Structures are given as C-alpha cells and as structure tokens.
Amino acid sequence: MQAPSIGGVRLPKGSGEAIRLPRGASLTDFAEKIGANPAALVQVLFHLGEMVTATQSVSDEVLELLGSEMNYQVQVVSPEEEDRELLSSFAITYGENAGDEEDLVIRPPVVTVMGHVDHGKTRLLDTIRKTNVHEGEAGGITQHIGAYQVMTQLDGNERLITFIDTPGHEAFTAMRARGANSTDIAVIVVAADDGVMPQTVEAINHAQAANAPIVVAVNKIDKEGANPDKIRQQLTEYGLVAEEYGGETMFVDISARQGINIDGLLEAILLTADASLDLRANPAMEAQGVAIEAHLDRGRGPVATVLVQRGTLRVGDSIVAGDAYGRVRRMVDEHNEDVTEATPSRPVLVIGLTSVPGAGDTFLVVDEDRVARQIAERRQARIRNAQNAAKRKRISLEDLDSALKETNQLNLIIKGDNSGTVEALEAALMKIEVGDDVQLHVVHRGVGGVTESDINLATAENTIVLGFNVRAEGRATELANREGVEIRYYTVIYQAIDEIEQALKGMLKPEYEEVQLGRAEIRDVFKSSKVGTIAGCMVLSGEIKRNTKARLLRDNNVIAENLPISTLRRFKDDVTEVREGFECGLTLGNYSDLKVEDIIETYEMREKPRN
C-alpha cells in the first residue's frame with residue numbers, strides 16, 4: 001500500500017506498527033527500518049519544513065513527526081534501554097542479582113551525606129574517618145565526590161558502612177543527585193544554629209526522588225544559639241517527622257567538631273538500614289556498579305573511583321565504564337593501600353582504563369578486552385549521536401533568514417581535575433540567564449590539564465579556555481600567548497560562574513528606551529524657498545532641541561515618525577533649544593505636510609541600564 005504523496009514523494013505507508021530507533025538516529029537508520037530510500041525521507045522532511053541530511057543525527061521530535069506522517073509509531077530508545085539491549089546481545093547478565101536466593105549475602109549500606117554548604121558535612125566525615133579532608137578544599141567547599149568505608153559496631157557485631165561525600169554548593173546539584181541515586185541511605189546534615197536552608201530542601205528532594213531512607217544529623221549542637229527542636233519542627237514541613245514525634249525519621253543530635261554522639265549516628269544508620277532495606281547482593285557474579293568519580297592522574301593515567309554494587313571486582317578483570325574501557329591493573333582503597341578484590345558496597349580506585357569515564361557512568365565486567373572495546377565504541381557513537389541531535393535546532397524555511405544571521409556567542413573550553421566537577425560546572429554555566437541575544441556554547445570539555453590541542457581548538461573557534469583546578473601543560477601556555485587565546489584558571493566555582501556571567505552580560509547589545517523631551521503645538525505654517533516648510537510653534541511642555549528626533553501628531557494620530565528637527569529659531573536667531581512657554585520656528589527636514597494645531601513631539605533614545 002502506498003502512502004499519499006507528500007510533496008510529490010511516495011513512501012511506504014505503515015499500519016501503525018512501532019519502530020524502535022536510538023536517540024540521535026539518522027534518516028538512513030529510519031529508512032533501513034521501513035525499507036525506504038533515505039533521499040526520499042530527506043525530501044519529505046524538506047516539505048515539512050525541516051532541512052536534514054540523510055546521515056545527520058535528528059531530534060526525537062523530527063523522528064516522531066516523520067513517523068506520524070507515514071503512520072508509524074516511532075519509539076525513541078533511551079541510552080539506558082540501548083545499554084540493556086547491547087549487553088544482552090553479548091549474553092551478559094544485566095539483572096539485579098544473578099544466582100539463587102542462597103547466593104545472596106548481606107552487604108554494607110551505602111550512605112550519602114548531603115546538606116547545605118558550610119553545615120559540616122565534610123567535618124562530619126572527617127571526624128568519622130579520623131582524617132582531615134576539608135582543609136585541602138578550596139574555599140572550604142568540597143569540589144568533588146569521594147567515597148570511604150568505615151567500621152563500626154552494633155549489638156557487639158562489627159559492621160561496615162560506605163560513605164559518599166557530595167559537594168554542598170548549589171552548583172553541584174547534578175553531582176548530589178547522582179550521589180543520592182547510587183545510595184541506600186541519605187544523611188541530611190542540618191546546622192542547629194542555622195536551620196533549614198535552600199540546599200537542605202534540595203538535598204531532601206534528591207534523597208526522596210531516589211527513594212532513599214533519610215537520617216537527619218542535627219550538627220553544631222555545641223554552638224551558641226543551637227536549637228535542635230526547631231530543626232525537627234522545620235523538617236516536618238518536608239515530610240520528615242522525628243520518631244519522638246510519632247514519625248519514622250531518626251534524628252541524631254551531634255557535634256562533628258567536638259565528636260559528640262558520632263557513634264549514635266552510625267548506629268542510627270545501621271538501624272535504619274536493617275529496618276527499611278534488604279541489603280543483599282551476590283558476590284559470586286561478575287561485578288557491576290557505578291563510577292562515583294574519575295580524573296586524569298599525571299602518574300597513573302585515567303583513574304576512576306568506583307562503587308561495586310553487586311558481584312566482586314578483581315585485579316585483571318576487563319571492564320567497561322560508560323564510554324571508557326580497559327583492564328583493572330591495580331586497585332587501591334581510601335587509604336591508598338592495594339586491594340586485590342572489591343566486594344559489594346566497596347569503593348575502590350581503579351587504575352587501567354584507556355580514558356576517563358563520566359561521573360555516574362555504570363561499569364561492568366565483561367569476558368575479554370575485545371568485548372569491552374566493542375561496548376565502549378558503541379556507547380561513544382550513541383553519545384555522539386544523541387549530542388548532535390540535541391544541538392540541532394529545528395529551522396523552518398521562514399526562520400532560515402534569521403537563523404543564518406550571526407549570533408552573539410561566547411565559546412568555552414572547560415578542563416577540570418575530574419569529570420564530575422567539569423560536568424557540574426558546565427551545568428551551572430549553562431543555567432546563566434542573560435536573555436536570548438547572547439548564547440553560551442561549550443565547544444569542548446575534558447579532564448586533565450590544558451593541552452596544545454585545546455589551544456588549537458580555541459584558536460579555530462575563537463574561544464576562551466577555562467581551567468578548573470588544572471593548569472596548562474608543557475608548551476600550551478606559550479602557544480596560547482602566541483595565538484592570543486585567553487586561559488582563565490579557577491579553584492572555586494563561584495568565581496567561574498560570576499566572571500562568565502559578567503562576560504556574557506558584556507556581550508549583550510545595548511537596550512534603548514524612548515525618553516520624551518518636549519511637545520509643541522503648530523500655531524502657523526510658513527513656506528520658504530530656502531529652507532522649505534517652517535512651523536511656527538508654541539512649546540507646551542519640556543523643551544524642543546535642535547537635531548533631536550520628532551514625530552508629528554494630528555488629532556492624536558501619528559502622521560509621521562522619526563523626523564529630524566533640522567533648524568530651530570527664536571525670531572531671527574538660531575538656537576539649540578527652546579523651553580516651555582516660548583515660541584519658536586522650526587523645520588522637520590524636508591517634510592512639508594504641516595497644519596495648524598498639529599502637535600510635534602520630540603524624543604531621544606537612551607541606553608537602558610540592565611538589571
């Protein structure tokens with residue numbers, strides 16, 4: 001059966017059947033599914049107002065539009081679904097846990113510590129681990145995720161707890177969300193002397209969205225003005241009702257600085273885990289988990305902090321994490337000591353990947369390096385296609401003229417010390433709102449120092465390079481100076497956001513507003529062979545200035561706009577301005593259609609200050 005002609009193109013007509021296409025698919029991919037000619041699909045889309053090549057990644061909306069025109073139900077497959085299909089094609093188990101019920105063993109709970117900036121999250125972990133992390137943080141703010149495992153006791157039994165430390169600054173929302181999604185229990189830290197703050201609410205929302213049980217640590221109870229009861233009362237508004245008030249949420253009053261009641265918090269975590277969760281995993285299967293953080297180490301190459309969620313990860317395993325792959329050459333724990341295997345809920349630093357995975361990417365063990373490379377390459381292609389589809393804007397023929405006009409755009413290359421920070425910084429910068437006139441475009445982002453290739457790319461794209469906790473490598477600085485490429489270095493995210501926002505605002509075209517200067521009524525009209533039509537006027541309000549703009553009103557209707565006050569006289573003298581209550585003679589350029597009782601309004605356009 002043939003479809004009705006679309007712009008003279010006849011195509012196979014579907015019967016409403018579903019077609020599954022990966023996000024970022026091209027028209028060639030679509031054509032293969034329905035047995036059509038890709039060129040015909042290009043023609044059809046052209047008649048529908050979309051200009052797309054046969055091999056170009058297209059957006060979900062375009063695929064669905066084309067499908068509906070041809071009576072196909074297009075289902076765009078998400079990256080996660082593609083992963084599952086890809087894994088099943090390699091005959092890899094992707095279930096929660098392989099094996100029988102008796103194969104499952106109890107695993108330690110994974111705990112994420114979240115809360116408002118400067119409420120004591122890092123100090124709390126610091127106290128728990130008896131180490132000192134917070135002093136190394138720029139500006140006292142945790143800049144990336146770390147994972148640690150600690151031993152505690154409950155009812156005389158030694159128990160392990162895994163902690164994930166997520167940054168507290170609001171720009172790291174994406175990283176905190178990722179921490180909550182890979183966690184079993186969320187510890188929300190609230191300062192007893194400060195109360196519930198915006199990021200506290202944000203952290204609660206992340207934890208609740210991840211369906212993670214919450215334990216509230218009321219910190220700084222040793223400080224003057226501390227009011228733990230007020231915190232309990234405030235948090236009832238967000239569905240967190242303390243056990244002593246008849247609710248289900250455990251509240252623990254602590255002081256991270258003084259080390260008060262830390263054991264009580266650890267006990268509350270374990271009690272909540274035992275009561276609310278069935279924390280079991282099969283250590284005998286191939287390891288699967290999540291990359292908590294990743295960065296490029298000068299001496300060890302790409303390294304990733306991974307959290308094993310099920311199975312056992314061993315040295316020598318072939319793994320794939322996101323679009324990175326490799327063989328585990330070495331694993332170290334949070335104390336920088338070598339480990340040979342990592343069981344469920346164990347965080348370890350993995351060395352041996354060929355590239356830096358993204359923070360939050362899933363990792364899994366595969367049979368051999370070849371399989372890992374194939375999966376990674378497929379993922380890379382999928383990510384590239386999805387990004388290309390997202391970047392492409394829908395342009396109709398009517399919009400083509402405006403689309404081709406030059407846009408005011410600030411190009412950036414972002415390099416950072418780890419992938420989570422780069423990702424979070426990019427997300428924060430893209431949220432800067434300065435209107436539609438100016439756009440921010442991230443040309444490239446990556447982990448590691450600023451390299452010569454970054455500078456070359458910046459030269460080609462007319463781009464600023466932004467280094468976060470990294471510096472330029474080798475001859476990159478010299479090349480940047482020679483090519484005139486600006487490199488800006490930051491260690492605290494506030495400064496980066498503020499300076500980029502100021503740069504964007506500086507690129508905005510000035511906005512102008514009309515300011516009325518004066519009104520004059522025409523009392524008489526004279527003709528002159530030298531200067532043309534002269535209006536004899538009385539200034540009713542304000543002042544009439546020479547060389548300003550004017551409009552002519554007749555019976556309150558605008559007759560002419562944008563007329564110049566060419567000449568202005570008082571009696572026989574040329575003047576620059578005439579004030580209210582005085583008479584004058586003036587000409588409006590070459591305009592001659594002037595009548596008695598017409599009103600002349602003068603105005604000027606002044607630059608409008610931006611908020």
Side-chain angles (χ1 to χ4, degrees), residues 117-118 122 133-146 165-175 293-305 355-356 358-359 409-432 434 438-507:
V117 63
D118 199 32
T122 307
V133 170
H134 76 281
E135 289 179 4
E137 302 288 1
I141 304 163
T142 309
Q143 302 285 347
H144 48 78
I145 292 178
D165 177 23
T166 61
H169 185 266
E170 69 265 19
F172 289 97
T173 301
M175 293 170 67
E293 192 43 77
H295 67 276
L296 193 62
D297 187 276
R298 182 177 292 274
R300 299 183 287 190
V303 296
T305 303
S355 60
V356 180
Q409 182 170 285
L410 177 63
N411 295 324
L412 283 183
I413 291 175
I414 302 176
K415 297 299 288 286
D417 56 343
N418 57 71
S419 54
T421 305
V422 171
E423 180 185 329
L425 179 56
E426 181 184 0
L429 293 175
M430 297 307 285
K431 287 180 183 175
I432 296 174
V434 288
V438 177
Q439 296 176 348
L440 181 68
H441 177 52
V442 178
V443 177
H444 172 65
R445 88 278 299 150
V447 176
V450 179
T451 63
E452 290 184 58
S453 62
D454 294 327
I455 303 302
N456 289 327
L457 178 60
T459 305
E461 293 281 349
N462 193 18
T463 300
I464 293 173
V465 181
L466 194 154
F468 195 83
N469 281 337
V470 295
R471 308 293 293 182
E473 293 180 352
R475 296 188 301 179
T477 303
E478 181 186 334
L479 179 62
N481 292 334
R482 191 165 65 245
E483 298 292 342
V485 173
E486 183 179 12
I487 307 176
R488 302 188 75 92
Y489 299 109
Y490 300 98
T491 55
V492 177
I493 199 168
Y494 303 113
Q495 298 170 353
I497 296 171
D498 289 344
E499 291 193 14
I500 296 301
E501 184 173 5
Q502 292 303 317
L504 288 170
K505 286 181 177 176
M507 293 173 66

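Fair warning: this is a prediction, and the values are worked out from it, not measured in the lab. We're numbering straight along the sequence, starting at 1.
Test L425, T421, L429 against I493 for side chain to side chain contact (heavy atoms under 4.5 Å, CB included) and you get one pass: L425.
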Test side chain to side chain contact (heavy atoms under 4.5 Å, CB included) on I500 and I464; report intermediate values, then the result. CA-CA 10 Å; I500 296 301; I464 293 173; 5.6 Å; no
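Sparse packing is recorded around CZ of R475, with 12 or fewer heavy atoms of other residues, nucleotides or ligands lying under 6.0 Å away.
Atoms CZ and CD, from R445 and E423 in turn, are 9.5 Å apart once rounded to the nearest 0.5 Å. Going from atom CD1 of I414 over to atom NE2 of H444 covers 10.5 Å, rounded to the nearest 0.5 Å. In this structure, the separation between CD1 on I413 and CG on L466 is 10.5 Å, given to the nearest 0.5 Å. Between the CE atom in M430 and the NE2 atom in H441 there is a gap of 8.5 Å [rounded to 0.5 Å].
Counting heavy atoms from C-beta on, the side chains of H295 and S419 never come closer than 4.5 Å. Between I487 and I455, the closest side-chain pair of non-hydrogen atoms falls below 4.5 Å.
Contact between A294 and V356 at its shortest, heavy atoms only, is CB-CG1, 3.6 Å. Taking each heavy atom of P302 and L296 in turn, the nearest pair found is N-CD1, 3.6 Å. Here the shortest heavy-atom pairing between V465 and A458 reads CG2-CB, 3.8 Å.
Scanning for side chain to side chain contact (heavy atoms under 4.5 Å, CB included) contacts around R471 gives Y489, with sequence neighbours left out.
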